[in-house]
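First the structure, in the form of structure tokens, and then the observations on it.
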Amino acid sequence: MALVTNLLTAALSKFLGEEITAWSPRVAAALVKAAVNRLPERRKKRLSEEWQSHVNEVPGTMAKLVVAVGFLAAVCKIRLEDPDDVDIKVSLDWLYAPNRFAESGRSAASLISAMSQSPQLSSQQEFKSVVEAIELHAKQSQTLLHEALQKADTWDPERRRCRFKFVDSMINELDYFRMARFVKPRFSQISRNADEVTRMTVKLIEIVKKTIIPNPSNVWGW
Amino acid sequence: MVNNEPRITTQTIKVLATLMSPVQEEMSGAEIGRATKLSSGTLYPILLRLEEAGWLKSHWEAEDPHELGRPRRRLYQVTGVGMRKARAAFRDLVLPLKEFAWR
């Protein structure tokens, strides 16, 4: 009985392996085609050929399929950033910006909190203005996020999937704030030295400004 | 006013660093993907974003796809502007944080 089971398992494994190998080029091609069909019109021609070429360059049956599936995820991000895609542009304004700012604001708040514990910093006008800007972002983010979530309830499932994938990706990209958290203990440790604190603060403010408020005029109409 | 500057993320830095390395002047998307270990879903939005901003330029390889027996590859390289701006971005974002954390 065991021998028969082993033989059947081996035969089935071989059969499935051959089937996957035989079908994978077609499946990969179909995935690329599906991804290209969802691209903005102006991107279709170029990326169709480029992505076929990419799949062609990748060795291995499964790896080709993984790459092809990845193109579907790429489409979500490309559509969200495409200035011609008016429909998706709405989601960029309503969803991407508030989510991003809310997350940035939370991460930055912990950093700023550590900085504000030092009395030497509270009098610096630049520092105050950054804190105020962050607080304003947090308030606006909350309002917009609330409205965005209400709006999203009326959306079709595909667009919601795109949105969540994109927001996930944005949160992953906020590595600088994760790095900044490592700075916090170091900052507290040496905050007794006023000169060093001032020098570090200036640099930190620059980082916070560049990272948290990258394109304020784009998003908030400032 | 529209700001066309790309976001500098860790993934973006990986792509730029790969293309700015002296090993290869031009690379296809698949080669960049292998070098950076970024998924295709992450890589292409970054490449397009950098190209739109003028930090990268790309062109099709010169050979005829019929002669090659495969689709043409699109080859990417960093522009002079991209090189300058990327270096400035690395300096502004990475070095100060490293200095704070490990000094």
Side-chain angles (χ1 to χ4, degrees), chain A residues 35 43 46-58 66-83 100 165-166 169-170 172-176 178-187 190 196 200 202-204 206-207 210-211 214-219 222, chain B residues 1-14 27-34 37-53 58-61 63 65 68-76 88-103:
Chain A
R43 303 272 194 205
R46 168 180 156 182
L47 287 178
S48 171
E49 189 170 358
E50 188 170 358
W51 286 355
Q52 285 175 46
S53 162
H54 188 138
V55 170
N56 187 60
E57 272 188 78
V58 174
V66 169
V67 166
V69 168
F71 293 142
L72 290 169
V75 169
C76 291
K77 295 181 195 173
I78 292 168
R79 284 191 69 187
L80 280 165
E81 293 185 8
D82 193 275
R100 177 182 176 191
K165 181 76 194 162
F166 191 74
S169 153
M170 279 310 304
N172 288 336
E173 287 176 1
L174 288 167
D175 278 354
Y176 289 112
R178 295 201 185 95
M179 286 172 74
R181 286 194 190 117
F182 288 108
V183 178
K184 202 167 94 170
R186 173 77 181 139
F187 185 88
I190 62 164
E196 197 164 17
M200 286 174 62
V202 171
K203 285 188 181 178
L204 274 171
E206 286 304 313
I207 294 163
K210 280 178 187 165
T211 323
N215 302 317
S217 60
N218 261 3
V219 181
W222 288 0
Chain B
M1 190 189 81
V2 175
N3 189 339
N4 202 26
E5 293 297 298
R7 295 192 308 274
I8 299 296
T9 63
T10 45
Q11 290 95 332
T12 308
I13 286 173
K14 277 185 189 173
M27 294 173 91
S28 68
E31 286 171 332
I32 300 168
R34 268 198 297 277
K37 295 186 169 56
L38 291 178
S39 73
S40 50
T42 304
L43 177 65
Y44 280 93
I46 291 173
L47 290 175
L48 294 178
R49 207 181 294 149
L50 291 172
E51 196 174 0
E52 295 255 310
S58 69
H59 64 91
W60 293 112
E61 62 183 347
E63 290 82 356
L68 292 169
R70 57 169 174 77
R72 287 180 301 172
R73 296 186 311 155
R74 186 96 184 167
L75 301 171
Y76 292 87
F90 296 162
R91 210 169 38 239
D92 286 351
L93 287 170
V94 178
L95 294 181
L97 284 174
K98 269 190 180 171
E99 190 186 332
F100 294 142
W102 308 116
R103 188 168 50 83

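In what follows, every chain begins at residue 1, and chains take the letters A, B, ... in the order their sequences are listed. Worth saying up front: this structure is predicted, and the values here are computed from it rather than measured. The basis for the numbers below is simple: all heavy atoms, side chains too, and nothing from hydrogens, waters or symmetry mates.
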Query raised in the report: Within the side chain of A:S53, is there an N or O that forms a donor-acceptor pair under 3.5 Å with the backbone of B:R72?
Result: yes
Query raised in the report: At their closest point, which heavy atom of A:A73 faces which heavy atom of B:G41, and how far apart are they?
Result: CB-CA, 4.3 Å
Query raised in the report: Residues two or more places apart in sequence or in another chain: which of them pass side chain to side chain contact (heavy atoms under 4.5 Å, CB included) with B:S28?
Result: A:E57, B:A30, B:E31, B:R73, B:L75
Query raised in the report: What is the distance from atom CH2 of B:W60 to atom CZ of A:R46, rounded to the nearest 0.5 Å?
Result: 7.0 Å
Report summary line: B:R70 meets the side chain to side chain donor-acceptor pair (under 3.5 Å) criterion, sequence neighbours left out, with B:E61
Report summary line: Nearest heavy-atom approach of A:V66 to B:S40 is O-OG, 4.4 Å
Query raised in the report: Between atom NZ of A:K77 and atom CG of B:L48, what is the distance when rounded to the nearest 0.5 Å?
Result: 11.5 Å
Report summary line: The interface call for B:S58 against chain A, heavy-atom contacts under 4.5 Å, is side chain
Requested in this report: With rounding to the nearest 0.5 Å, note down the distance linking OH in B:Y44 to CZ in A:R43.
Outcome: 13.0 Å
Query - Residue among A:N56, A:V69, A:L47, A:V58 with most heavy-atom pairs under 4.5 Å to chain B - result: A:N56
